[in-house]
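Beneath this line is the structure, given in structure tokens, with notes to follow.
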Amino acid sequence: MNTAWMEMAAGGDAPGFGFVVTGLAVVALLLGAFILGLRHKRRRPPRPEEQPRLPDGGPVRETRERREPDEVPRGEGRLTPHEMHGNQSDRRSPTQERPRWNEGSSGSFGSGGPGGR
């Protein structure tokens, strides 16, 4: 063994510094590979099996129906949100007509206009 290696081993700073530099280089390479992978994945168009598909029964349509309101539960104190949950009834209203504005009214609050036709 020559004296240069002995001095480096005796000093103790060189190997520790080398490990730190090597660790930082490995972390930088891993971060770079991760960023490049993300860019590549974003650039690639989705495969056909990744595309959204229609349900077997065909397209889903929106249904509009009126429901009967339930009474607010009565209690001695304030009601918390989890006690109010479930206030939407499952009962259909006998009349499915949408409420309309009264004839001769403007339909908005405080418009100031006569509201006639």
Side-chain angles (χ1 to χ4, degrees):
M1 227 189 226
N2 61 17
T3 58
W5 285 105
M6 282 193 213
E7 288 176 10
M8 198 183 316
D13 291 340
F17 182 72
F19 289 139
V20 170
V21 170
T22 305
L24 289 175
V26 168
V27 167
L29 285 173
L30 288 173
L31 282 173
F34 180 74
I35 291 171
L36 284 176
L38 280 178
R39 286 184 183 169
H40 178 70
K41 189 174 183 179
R42 286 185 188 149
R43 217 178 304 135
R44 177 181 58 90
R47 295 187 304 251
E49 58 268 9
E50 293 174 344
Q51 299 278 342
R53 299 200 177 267
L54 281 175
D56 293 335
V60 179
R61 303 283 184 222
E62 179 181 335
T63 59
R64 292 181 181 229
E65 52 184 30
R66 290 185 34 112
R67 299 289 196 183
E68 284 292 318
D70 277 345
E71 291 293 320
V72 175
R74 304 269 184 224
E76 293 178 11
R78 282 187 160 170
L79 295 175
T80 57
H82 73 275
E83 294 170 328
M84 294 292 293
H85 179 69
N87 260 359
Q88 292 288 41
S89 174
D90 286 345
R91 296 177 295 150
R92 281 187 72 177
S93 177
T95 64
Q96 290 297 310
E97 296 176 12
R98 290 176 48 200
R100 299 289 181 186
W101 303 113
N102 295 334
E103 282 294 323
S105 89
S106 65
S108 65
F109 299 105
S111 67
R117 296 196 257 187

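Only this structure's heavy atoms are used, side chains among them; waters, hydrogens and symmetry mates stay out. Since the structure is predicted, the reported quantities are computational estimates derived from the model, not experimental observations. The chain is numbered in sequence order, starting from 1.
Through direct or indirect side-chain contacts shorter than 4.5 Å among Ile, Leu, Val, Met, Phe, Trp and Tyr, Leu36 is connected to no other residue.
For Glu50, the side-chain hydrogen bond (donor to acceptor under 3.5 Å, both in side chains) test picks out Arg47, with sequence neighbours left out.
When the shell of 6.0 Å around CD of Glu76 is examined, it contains 12 or fewer heavy atoms from other residues, nucleotides or ligands.
Separation of atoms CD (Glu97) and CZ (Arg66) is listed at 9.0 Å; rounding is to 0.5 Å. The distance from the CZ atom of Phe19 to the CG atom of Leu24 is 13.5 Å, given to the nearest 0.5 Å.
The minimum heavy-atom distance linking Arg53 with Pro48 is given by the pair NH2-O, 3.5 Å. The two atoms that bring Pro55 and Val60 nearest to each other are CG-CG2, 4.0 Å, heavy atoms only.
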